[in-house]
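Naming convention: chains lettered A, B, ... in sequence-line order (proteins, then strands); numbering from 1 in each chain.
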Amino acid sequence: MLKGLKAELSRCLAAQIRSVFNVEHTPVVSIPPRRALGDLAFPAALHLARELRKKPRDIATELLDGLHFPAPVKSVRIEGAGYLNVFLDRSAVAARLLGEPLYDPSTSAMDEAVAAQGPNGASTPAKVIVEHTNINPNKAAHIGHLRNAVLGDVLVRSLRRLGHQVETQNYIDDTGVQVADVVVGFIDVRGWSLADVETAEEPFDYLCWDVYSQVGQWFEEDKERQALRRQTLHALESGEGERAAMGRLVARRIVDRHLRTMARIGVGYDVLTRESDILGLDFFTVAFEKLKSAGAIRLEADGKNEGCWVMPLQGSEEFAGLEDPDKVIVRSDGTVTYVGKDIAYQLWKFGLLGRDFGYRPWPGGAPRQEDAPVAGTDPGEDAVLWQTTTDDPVREHPAFGAGDRVINVIDARQSYLQRIVRAGLEALGHTDAAAHSVHFAYEFVSLSTGTARQLGFLTDADDQSKSLDMSGRKGIGVKADDLLDQLEARSAEQIRERYSDLAPDVLAARARAVAIGALRFFMVKATTTRKIAFDLDEALAFEGETGPYLQYSLVRERNIRHKLDAAGMASEVDLEALAQLDSELWADDLWDLVLQAAQIQQTVERGSSSLELSLIARAALDLAAKFHHAYHRHRILDEENADLRSVRLAGFQIFRKGLIDLTELLGVPVLEQM
RNA sequence: GCGCCCGUAGCUCAGCUGGAUAGAGCGACGGCCUCCGGAGCCGUAGGUCAGGGGUUCGAAUCCCUUCGGGCGCACCA
């Protein structure tokens, strides 16, 4: 909302700098730390000090002489070291903010470089592909997977809000070792038939969680047994026989569970891409030919990689200092490594492979979210969730892949592999695609020592100084659904304390909304470069910097409007009348609330372009905190001065508009009551 | 060994491209419901921003270095 005004004033000041000093400078705009110093600040004089060899304050003085800013600027003053600070007509600005949309597309920082290279020219928005979740379909989702899914989902929401065309993909590695191990677990360890697995009771993902850690131990007991893993892996890749059928069954049932878990928190996808289809449609064969003819890979005749096709990396500075300057793409036994498959997949994502998947709707459709508390996530009854397929593709389907930019949400431990995939694109001459391949790297989630001990993963004898890494193989971790269940139970308990006579379904729906808000906010709040030591007590807290804190602020705001309506008073301000009110009516702390809300577009732009989504969470927190503060200091219902009531109501309306937007991006449900 | 990330209050962390008196939350202590719901608000205590150098009018922020911690550097994904 504020962005247009800032740009306008910035241009104005740039013209003044040009006429006074004859230099080109694009002034930045900030907000002073205290309202007494002004509403906007231009540190231009400080930035020009070196170039002009003058004291900042002297530069500011020269600039101020003859400087004219248009309305709604009321005055300009020099403050501090040489800031040019602007004071605004608060009522006029507030009226303008309420009348305008929160996002101004004309000032949106659309990625023009990418848009211009799009197949349809710069007029269409660039297509961004975001891949996230990507859980191995062999066990229940745990809290580490939740971090991935929530970050990916918030990124998707933010990009869409800024006007980008986004396609959300969830990659299903249904032919990997992890699925193979569970197949071995069912067939060789437990002696189950296909029918046994088909009819196994829910929760199937919980069952597999145990089978997977069981088979891990079983392999440990006798290393010879690992031959079964290799045998199963080959079966999965060829797609033939009972083991392959078992693998398909396990993957289908597990993916179904994962989709339900994610639907619970309002996370959905456009298309599920399956590794088995990448193999079945010979994507790698195509990529392999391209790599060979581009000279990007070579067959090793001797040495430790004898018989392998390798991609040399030593030419690139990025990989300088590596012990082994070559990366194996095709193993000596002829099978393809993960990186090889991923290069083929990445080529498809950019539309550079020259081959496409077949598609069909996911059986049963996209899982619905119960009560749909997360805004904008209910896919609707007729919504189709697409999956890739080799056998039975349908003719009519949306166009998938062929993005202008690709963002892969994968934890930071895989940075090296992501860089090799990018190097592969470069080696094929696709410099643009390589430049637009983004690895959204976040640090992984471990368990705090307290929580690890609480759950019995650590004993008092263990090293208590560091957190415990989760491990599916060892069965160490907190299942996503367990955490959600606990959150729901905890919030139901708290709601019951406040409202003892709620109908069970109303109580359950509210408890779900609070639980989702707490969980999603928790996952986005942390900086992505910081490892989360997951602590159950902290995650279950509903006070302080939490999702429920945001939700509660909106409940309070709603209550004011309800009371105003009940008292026969206006619960919305008249914008024209508001614009005429005296700026002095706005207390500084109330005005802070407005300024914070007015910066949302820039926060979301900065958050999504830097992939630091915690900025969005922090902005929401800051906004809610300012509201709670103003709520206590500036009452509306018992205020006798009608102008003061208007100004306060306007401030709260701007707050609501802003925080509702941020909660939608974060996927934190908004409640009427809690 | 090489590369990336981290080191800020008792604990968990914010501090954006260097800029106006280092901020939150939790925990501790003390206040505030005859109410616009206390999942909230206000206050007190608590910090040589790991150490050392450098660049600058100005450094928690940029550069170098030392010391701690984490992750990665497979014919596993």
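B/C26 adopts an anti glycosidic conformation, its chi angle falling more than 90° from 0.
Within 3.5 Å, no donor on the side chain of A/Arg618 pairs with an acceptor on the base of B/A24, nor the reverse. Taking only distance into account, the side chain of A/Tyr552 never meets the base of B/G38 through a donor-acceptor pair shorter than 3.5 Å. No donor-acceptor contact under 3.5 Å links the side chain of A/Thr529 to the base of B/C5.
A/Arg229 places no side-chain N or O within donor-acceptor distance of the main-chain N or O of A/Val177, the cut-off being under 3.5 Å.
Here A/Asp181 pairs with A/Arg473 in a salt bridge; the nearest charged N to carboxylate O distance falls below 4.0 Å. We find that A/Lys626 and A/Asp622 are joined by a salt bridge, their nearest charged nitrogen and carboxylate oxygen being less than 4.0 Å apart. With salt bridges taken as basic N to acidic carboxylate O contacts below 4.0 Å, one links A/Arg298 and A/Glu300. Taking the charged nitrogens against the carboxylate oxygens, A/Arg618 and A/Glu545 do have a contact shorter than 4.0 Å, which makes a salt bridge.
Nucleotides B/A45 and B/A60 are separated by 23 Å at their P atoms, to the nearest Å. B/C41 and B/C36 have their C1' atoms separated by 14 Å, given to the nearest Å. Taking atom P on both nucleotides, B/G10 is separated from B/C6 by 22 Å, rounded to a whole Å. Rounded to whole Å, the P atom of B/A39 lies 13 Å from the corresponding atom of B/C26. Straight-line distance between the P atoms of B/G58 and B/G40: roughly 44 Å, to the nearest whole Å. The same atom, P, is picked in B/A9 and in B/G47; the two are 10 Å apart, to the nearest Å.
Applying the 4.0 Å criterion to OP1 and OP2 of B/C36, one finds that A/Arg648 has every side-chain N and O outside that range. Between A/Arg556 and the phosphate of B/G37, there is no side-chain N or O to OP1/OP2 separation shorter than 4.0 Å. Considering only side-chain N and O atoms, A/Tyr416 lies nowhere under 4.0 angstrom from the phosphate OP1 or OP2 of B/G72.
Out of B/G37, B/C75, B/C36, the shortest distance to the side chain of A/Arg498 is found at B/G37. With B/C35, B/G3, B/G37 as the choices, the nucleotide that has an atom nearest any side-chain atom of A/Arg419 turns out to be B/G3. Taking every side-chain heavy atom of A/Met674 into account, B/A39 is the closest of B/A77, B/A39, B/C36. Nearest to the side-chain atoms of A/Glu538 among the listed nucleotides B/C35, B/U12, B/G37 stands B/U12. Listed nucleotides: B/C5, B/C41, B/A20. Nearest to the side chain of A/His629: B/C41. Listed nucleotides: B/A20, B/C5, B/A39. Nearest to the side chain of A/Asn85: B/A20. Comparing B/A39, B/C5, B/A77 by their nearest atom to the side chain of A/Leu417 picks out B/A77. The side chain of A/Tyr549 approaches B/G40 more closely than any other nucleotide in the set B/G40, B/A20, B/A39. Checking B/A77, B/A20, B/C5 against the side-chain heavy atoms of A/Glu79 singles out B/A20 as nearest. When the nucleotides B/A77, B/C6, B/C5 are ranked by their closest atom to the side chain of A/Asn136, B/A77 comes out on top.
Counting any heavy atom pair closer than 4.0 Å across all strands shown, A/Leu621 reaches no nucleic acid atom. Among the protein residues, A/Arg413 comes within range of the sugar-phosphate backbone only, with heavy atoms under 4.0 Å from sugar or phosphate atoms but none that close to a base. A/Gln494 comes within 4.0 angstrom of a base, heavy atoms only. Residue A/Pro56 is out of contact with every strand shown, counting any heavy-atom pair closer than 4.0 Å. Using a 4.0 Å heavy-atom cutoff across all strands shown, A/Ala41 reaches at least one base atom of the nucleic acid. Across all strands shown, A/Glu557 has no heavy atoms under 4.0 Å from either base or sugar-phosphate atoms. Within the nucleic acid shown, A/Asp173 comes within 4.0 Å of sugar-phosphate atoms alone, with no base atom in reach, counting heavy atoms only. Nucleic acid contact for A/Val514: base, since at least one base atom lies under 4.0 Å from a heavy atom of the residue. A/Asp535 comes within contact range of no nucleotide atom at all, as no heavy-atom separation falls under 4.0 Å. Across all strands, A/Gln226 comes closer than 4.0 Å to no nucleic acid atom at all (heavy-atom distances). Nucleic acid contact for A/Val330: none, since no nucleic acid atom lies under 4.0 Å from a heavy atom of the residue. Among the heavy atoms of the strands, none lies under 4.0 Å from A/Phe534. No engagement by A/Pro43 is indicated, since no non-hydrogen atom pair under 4.0 Å with the nucleic acid exists.
You'll find the ring centres of A/His634 and A/Phe652 outside the 6.0 Å limit.
Side-chain contact of A/Ser437 with A/Gln346: a donor-acceptor pair under 3.5 Å is present, judged by distance alone.
Nucleotide B/C29: paired with B/G43 (Watson-Crick or G-U wobble, both distances less than 3.5 Å). In this entry B/C73 has B/G1 as its Watson-Crick or G-U wobble partner, both defining distances falling under 3.5 Å. B/C35 is unpaired under the criterion used here, namely a Watson-Crick or G-U wobble arrangement in which both key atom distances are under 3.5 Å. Across all strands shown, B/C57 forms a Watson-Crick or G-U wobble pair with B/G19, both key distances being under 3.5 Å. In this entry B/A24 has B/U12 as its Watson-Crick or G-U wobble partner, both defining distances falling under 3.5 Å.
Ring-plane geometry between A/Phe440 and A/Tyr442 is classed as perpendicular, the angle between the planes exceeding 60 degrees on a 0 to 90 degree scale with a lower cut at 30. The aromatic rings of A/Phe522 and A/Phe534 lie perpendicular to each other, with more than 60° between the two planes, well past the 30° mark.
The 5' end of RNA chain B is approached more closely, in terms of each residue's nearest nucleotide, by A/His634 than by the other of A/Ala412 and A/His634. Remark on RNA chain B: of its neighbouring residues A/Thr546 and A/Tyr171, the 5'-side contact belongs to A/Thr546, judged by nearest-heavy-atom nucleotide.
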